[in-house]
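Reading through the structure tokens given below for one structure.
Keep in mind it's a predicted model, so treat the numbers as computed, not measured.
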Amino acid sequence: QVQLVESGGGSVQAGGSLRLSCAATEVTFSRSCMGWFRQAPGKERERVAVIRFVDLPSVADSVQGRFTISKDNAKNTVYLQMNNLKPEDTAMYYCAAGPSQFGCPTFGYWGQGTQVTVSS
């Protein structure tokens, strides 16, 4: 079974930085879509960033210029570097994996989530 193990969440002040990590098992990692999502209480889940082996990484408009997604195929690990954090970034952040399709439209496997809290 695919396992996604996340780490790196925490509490920071506005303007601070965090880097989230997600280690994947039983995934053809280099050929999979990997993504980061977030969900705040009472709000819908939001796609934050995605990466695929044949595509350029992409991030949501709401975090453009502040967040970067990357991966290390040798370590089967995907990262989310978050800079200049804002209070509105506060959410549970989830790592996800899905089939290698154009645009990464689906994600079937999910990590347990890691909490990011940004204070003003």
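- A continuous path of Ile, Leu, Val, Met, Phe, Trp and Tyr side chains, each step under 4.5 Å between heavy atoms, connects Y93 with V78, placing both in one hydrophobic cluster.
- Taking the six-membered ring for Trp and the full ring otherwise, the centers of W110 and F37 sit less than 6.0 Å from each other.
- Here the closest non-hydrogen pair linking C33 and S100 is SG-CA, 4.0 Å.
- Nearest approach of F67 to V59, heavy atoms of both residues: O-CG1, 3.6 Å.
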What's the verdict on side chain to side chain contact (heavy atoms under 4.5 Å, CB included) for L4 and Y94, showing C-alpha distance, side-chain angles and the deciding distance? CA-CA 9 Å; L4 303 174; Y94 299 90; over 6 Å; no
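- In terms of heavy atoms, I51 sits closest to S70 at CD1-CA, 4.0 Å.
- T114 places a side-chain N or O within donor-acceptor distance of the main-chain N or O of G9, the cut-off being under 3.5 Å.
- Side-chain atoms of Q3 and Y109, non-hydrogen and from C-beta on, never get closer than 4.5 Å to each other.
- Between N84 and D89, the closest heavy-atom pair is O-OD2, 4.5 Å.
- Listed here is the closest heavy atom pair of E46 and A60: OE2-CB, 4.3 Å.
- A donor-acceptor pair under 3.5 Å is absent between the side-chain atoms of Q101 and the main chain of P105, judged by distance alone.
- Pairs engaging residues 68-88 under the salt bridge (Lys or Arg N to Asp or Glu O under 4.0 Å) rule: none recorded [sequence neighbours left out].
- Taking 4.5 Å as the limit, some side-chain heavy atom of V48 sits within range of a side-chain heavy atom of V63.
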Could you walk me through whether M34 and F107 pass the side chain to side chain contact (heavy atoms under 4.5 Å, CB included) check? CA-CA 8 Å; M34 301 297 299; F107 291 88; 5.6 Å; no
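- Within the 3.5 Å criterion, the main-chain N or O of M92 finds no donor-acceptor partner in the side chain of R38.
- Annotation: salt bridge (Lys or Arg N to Asp or Glu O under 4.0 Å) contacts of R45 (sequence neighbours excluded): none.
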Show me the donor-acceptor pairs within less than 3.5 Å that the side chains of residues 13-22 make with the rest of the protein, sequence neighbours left out.
{"from": "S17", "atom 1": "OG", "to": "N83", "atom 2": "OD1", "distance (Å)": "3.0"}

Does the pair W36 and R47 meet the rule for a side chain to side chain contact (heavy atoms under 4.5 Å, CB included), with working shown? CA-CA 6 Å; W36 287 97; R47 179 184 290 203; over 6 Å; no
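- A pairwise comparison of heavy atoms in A40 and A91 identifies N-CB, 3.9 Å as the closest pair.
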